[in-house]
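Everything on this sheet refers to the single structure shown next.
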Amino acid sequence: MRRAIALAATRVGKTAENPAVGCIIVKDGEVVGEGVTGEGGRPHAEELALDQAGERAGGATAYVTLEPCGERSSGAPSCSQRLVMAGVDRVVVAASDASPYAAGVGVARLRASGVETDLGLMSREAAALYEGYFPGKIVRPEG
Ligand SMILES: Nc1c(N[C@@H]2O[C@H](COP(=O)(O)O)[C@@H](O)[C@H]2O)[nH]c(=O)[nH]c1=O
């Protein structure tokens, strides 16, 4: 998680209305994928990390600085769906998504799909990444 937070910190202030997120995927003690939210806010960190990990994401643990999104404004599969589809065994989240329509959605989906999901690892350090982030600016999926 320390590495995911350091990665996210490199993008703070460069991701527009989206928070800067870091994601590290670990399989058998080895990092098999890493990603950080793209400049301007997309792609999301988990998309990049999962693409890099490929099949090695199966049975892996993902460390994510922010709750994986539950819905995309583009209608594309959300990061929580992508993590489930990739067969990740466990997701460790530092901070919850502050967006009022997204809070809890990603974590609920992961758990409902049988993915062990732990919240709050290094949450104080992660919160520092998101304190300048204003949820009202988030683009809502519809309407
Ligand atoms: N940047 C970021 C997230 N940002 C979250 O995703 C939602 C908006 O997504 P969209 O408008 O589709 O790009 C919103 O809830 C926002 O807080 N989520 C993640 O899992 N990973 C990421 O890297």
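We count ligands from 1, going down the list as the structure has it; atoms in each ligand are counted the same way.
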**Message:** Hydrophobic clusters here meaning ILVMFWY residues chained together by side-chain heavy-atom distances under 4.5 Å, can you tell me if Leu121 and Leu119 are in one?
**Reply:**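 Yes, one cluster joins them.
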**Message:** Membership question, hydrophobic clusters at under 4.5 Å side-chain separation (ILVMFWY): are Val26 and Leu48 in the same one?
**Reply:**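 Per the 4.5 Å side-chain linkage, Leu48 and Val26 are not co-clustered.
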**Asked** What are the atoms of ligand 1, with element, lying closer than 4.0 Å to any heavy atom of Arg42?
**Response**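 Counting from 1, the qualifying ligand atoms are 10 (P), 11 (O), 13 (O).
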**Request:** Would you mind running through ligand 1 and noting each atom that sits below 4.0 Å from a heavy atom of Asp97?
**Result:** 5 (C), 14 (C), 15 (O), 16 (C), 17 (O)
Side chains of residues 59-66: which donor-acceptor partners sit under 3.5 Å, not counting sequence neighbours?
from  : atom 1 : to     : atom 2 : distance (Å)
Thr65 : OG1    : Gly22  : N      : 3.0
Thr65 : OG1    : Tyr130 : OH     : 2.7

Taking distance alone, with no angle check, do [X] and ligand 1 share an N/O pair under 3.5 Å?
X	result
Pro19	yes
Pro68	no
Cys79	no
Ser74	no
Asn18	yes
Glu17	no

**Request:** Could you tell me whether the side chains of Arg109 and Ser78 share a donor-acceptor contact shorter than 3.5 Å?
**Result:** yes
**Item:** Pick from His44, Glu46, Glu47: the one approaching atom 9 (O) of ligand 1 most closely through a non-hydrogen atom
**Value:**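 Among His44, Glu46, Glu47, the closest heavy atom to atom 9 (O) of ligand 1 belongs to His44.
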**Prompt:** Distance from Arg72 atom CZ to Gln81 atom CD, nearest 0.5 Å?
**Reply:** 10.5 Å
**Message:** I want to check something: taking the side chain as every heavy atom from C-beta on, are Leu7 and Glu34 in contact at a cut-off of under 4.5 Å?
**Reply:**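 Answer yes - side chains close enough.
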**Asked** Thinking salt bridges, do Arg82 and Asp51 make one under a 4.0 Å N-O criterion?
**Response** yes
